[in-house]
Amino acid sequence: MLFTQPDIPREWQPAYRDYRQRLEALLAILGAWLILFTMLAYQLSYSIRGVSTPGIWSLEYLVRIPVYASLLMTFLSHYAGWPRWQPKILIRAMSMSLMGMILILFVIYFYWKREGLHQITDGLMISLFGVTLMSTRGFRDWMIQIGVPLALFAGAAFYLRVPLSDLMPFLFGPMIMVIIGFLTSEALRNLSINQFLTKQSLRQLATTDQLTGLMNRHAFLPLIRHEMNRSRRSKRYPLSVIVADLDHFKHINDQYGHDVGDQVLRETAVRVTASLRQQDVVCRWGGEEILIMVPETTVENAMTVADKIRRALADTPIPTDRGLIRQTISLGVARFHGEQHPENLIKRADEALYQAKDTGRNRAILAPASKAVTTSD
């Protein structure tokens, strides 16, 4: 390939698939309008172009039907939501029907309407360039949307024994346009990938703690507000939060230095994340403090999660540049009882955390419900 496609990290690939699908949806509807406008312009301008008007039931009109059908499906899918076809399917349907139409028209004009053949050649150039630009997935799409119709055309020409020397004066320009279109398509595709990677990197910088790779509090708060509202609306969705804090972490920094302290924090983030389910959310709340949201979880199970995290730290020393370091963690757990603001729920978990610190550390404590909430219950 002339262009080296940028690598997309595995964790970003689902987001990239969504991004590509949105681009393809935009390209599909834009391409549909452009194809419709171009076809109507050619179809309504026979006298202006000095070409005899075909009969309404002629082959020249009939070959347009698949193109109009694919355009109709694209418009219905975009504006009415039915049929729910993927944009890439709509693009391929439009591209292949357009290529089939223009190649059949080329044959018709080549044999019977030579006076208008140069205009069909111009249309073939436009079609090849446009369809090549719609090859959003690279060479694979190009082969489906252009390669297959061209192969069928070449087979038909061979069957009809049309000399290649007779075709080349008319096909040389379109073939050059294919090359130009393919290079342009590849450049635009790589540009869109780089744009996605840039946006994704900026989004990650804005929502991720750079040391631990955990979510930051700026990104965490909207998620917990959403889960609190969902839990408030339905009693079927219990919600708990866990606040965790490393024990005597200041001594690590003082004794071994901040580089070793950073290693401990990173390994803590790894072990905490490994102790959670996919739907749980963990963030670095500040310093050596970690905040965890466990949705759709009873308070008993939340306490089990907290103890699992505690054991993940306490049972296995952390390897660092200064050797193995034993590190424990204290945790406070609070069940959601209808608080209006995340800060109130987190504060209760934080108070339970301080109780765990005061009673010996390396333990998890459950916070009682607030008096105001208990009375309302």
Side-chain angles (χ1 to χ4, degrees), residues 7-12 15 197-224 241-294 302 305-334 342-343 346-347 349-358 360-365:
D7 292 327
I8 300 173
R10 179 175 296 180
E11 65 271 18
W12 290 358
L197 292 174
T198 299
K199 288 184 176 180
Q200 198 72 8
S201 297
L202 292 174
R203 184 179 293 112
Q204 181 164 324
L205 286 173
T207 60
T208 305
D209 174 65
Q210 297 306 297
L211 175 63
T212 62
L214 299 177
M215 185 180 294
N216 61 29
R217 68 163 62 198
H218 174 75
F220 179 85
L221 286 173
L223 296 179
I224 192 172
V241 296
I242 303 170
V243 178
D245 188 79
L246 294 176
D247 297 328
H248 302 297
F249 184 71
K250 185 175 182 299
H251 296 331
I252 300 293
N253 285 327
D254 292 343
Q255 184 175 353
Y256 300 105
H258 288 280
D259 288 344
V260 172
D262 289 347
Q263 293 175 31
V264 171
L265 283 173
R266 282 193 288 266
E267 179 62 20
T268 298
V270 170
R271 296 187 186 187
V272 169
T273 303
S275 303
L276 301 175
R277 305 166 302 172
Q278 185 176 3
Q279 64 265 40
D280 299 333
V281 182
V282 55
C283 84
R284 185 182 181 188
W285 195 240
E288 64 272 19
E289 198 169 61
I290 293 174
L291 180 58
I292 305 150
M293 176 176 66
V294 280
V305 171
D307 193 61
K308 184 179 180 182
I309 293 171
R310 183 193 64 78
R311 288 185 284 106
L313 269 293
D315 292 353
T316 307
I318 294 177
T320 71
D321 293 343
R322 300 290 296 274
L324 295 176
I325 294 179
R326 290 197 171 273
Q327 178 65 60
T328 60
I329 193 168
S330 298
L331 308 100
V333 182
E343 292 79 7
I346 295 169
K347 181 180 179 181
D350 205 43
E351 291 172 349
L353 166 65
Y354 281 109
Q355 185 180 352
K357 295 276 190 180
D358 292 340
R361 294 183 170 83
N362 189 28
R363 64 192 61 202
I365 297 291

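No hydrogens, no waters, no symmetry mates; every other heavy atom, side chains included, goes into these values. Just so you know, these numbers come straight off a predicted model, no measurement behind them.
Taken from CG in Asn216 to CG in Leu221, the straight-line distance is 9.0 Å, to the nearest 0.5 Å. Glu288 CD to His248 NE2: the interatomic distance, rounded to the nearest 0.5 Å, is 11.5 Å. How far CD of Gln327 is from CG of Asn362: 9.5 Å, rounded to the nearest 0.5 Å. Here the CZ-CZ distance, from Arg271 to Arg311, works out to 13.0 Å after rounding to the nearest 0.5 Å. The CG atom of Leu214 sits 6.5 Å away from atom CG of Asp209, with the distance rounded to the nearest 0.5 Å. To the nearest 0.5 Å, the span separating CZ on Arg326 from CG on Asp247 amounts to 14.0 Å.
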Legend entry - Check against side chain to side chain contact (heavy atoms under 4.5 Å, CB included), Ile318 and Thr268: CA-CA 8 Å; Ile318 294 177; Thr268 298; 4.1 Å; yes

Legend entry - Ser330 vs Leu353, side chain to side chain contact (heavy atoms under 4.5 Å, CB included): CA-CA, chis, key distance, verdict: CA-CA 6 Å; Ser330 298; Leu353 166 65; 3.8 Å; yes

Legend entry - Residue pair Arg217, Leu291: steps toward the side chain to side chain contact (heavy atoms under 4.5 Å, CB included) verdict: CA-CA 9 Å; Arg217 68 163 62 198; Leu291 180 58; over 6 Å; no

Inset, instruction - Just do the side chain to side chain contact (heavy atoms under 4.5 Å, CB included) check on Thr328 and Arg310 with the steps written out, would you? - result: CA-CA 7 Å; Thr328 60; Arg310 183 193 64 78; over 6 Å; no

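Within the 3.5 Å criterion, the main-chain N or O of Ala244 finds no donor-acceptor partner in the side chain of Glu289. Between the Thr320 side chain and the Arg322 main chain, a donor and an acceptor come within less than 3.5 Å of each other. Side chain of Asp280 to backbone of Arg277: a donor-acceptor contact under 3.5 angstrom is found. With hydrogens and angles ignored, the 3.5 Å screen pairs a side-chain donor or acceptor of Gln210 with a backbone N or O of Thr208. Judged by distance alone, with hydrogens and angles left aside, the side-chain atoms of Arg284 form a donor-acceptor pair with the main-chain N or O of Gly287 at under 3.5 Å.
Annotation for Gly261 and Phe249: closest pair O-CZ, 3.4 Å, computed over non-hydrogen atoms. Scanning both residues, Ala356 and Leu331, for their nearest heavy atoms gives CB-O, 3.8 Å. Across all their heavy atoms, Pro342 and Ile224 have their closest contact at CB-CG2, 3.7 Å. Nearest heavy atom pair, residue His218 against residue Pro222, reads O-CD, 3.3 Å.
Side-chain contact, Gln263 with Asp321: a donor N or O sits under 3.5 Å from an acceptor N or O. A donor atom on one side chain and an acceptor atom on the other are found under 3.5 Å apart for Arg203 and Gln200.
In this structure, the side chains of Leu265 and Leu246 come closer than 4.5 Å at one or more pairs of heavy atoms. Using a 4.5 Å heavy-atom threshold, the side chains of Ile365 and Tyr354 count as separate. With contacts defined as side-chain heavy-atom distances shorter than 4.5 Å, the pair Cys283/Ile292 does not qualify. Taking 4.5 Å as the limit, every side-chain heavy atom of Val264 sits out of range of all side-chain heavy atoms of Tyr256. Counting heavy atoms from C-beta outward, Ile290 and Val272 have side chains that approach closer than 4.5 Å. Side-chain atoms of Leu276 and Ile309, non-hydrogen and from C-beta on, do get closer than 4.5 Å to each other. Residues Val241 and Val294 have side chains not in contact (no heavy-atom distance under 4.5 Å, counting atoms from C-beta outward). Between Val282 and Met293 the shortest side-chain heavy-atom distance does not fall below 4.5 Å.
Using a cut-off of 4.0 Å between Lys/Arg side-chain N and Asp/Glu carboxylate O, Asp350 and Lys347 are scored as not salt-bridged.
With sequence neighbours excluded, the residues that form a side-chain hydrogen bond (donor to acceptor under 3.5 Å, both in side chains) with Asp245 are Lys357.
The environment of CG in Asp7 is sparse: at most 12 heavy-atom neighbours from other residues, nucleotides or ligands sit within 6.0 Å.
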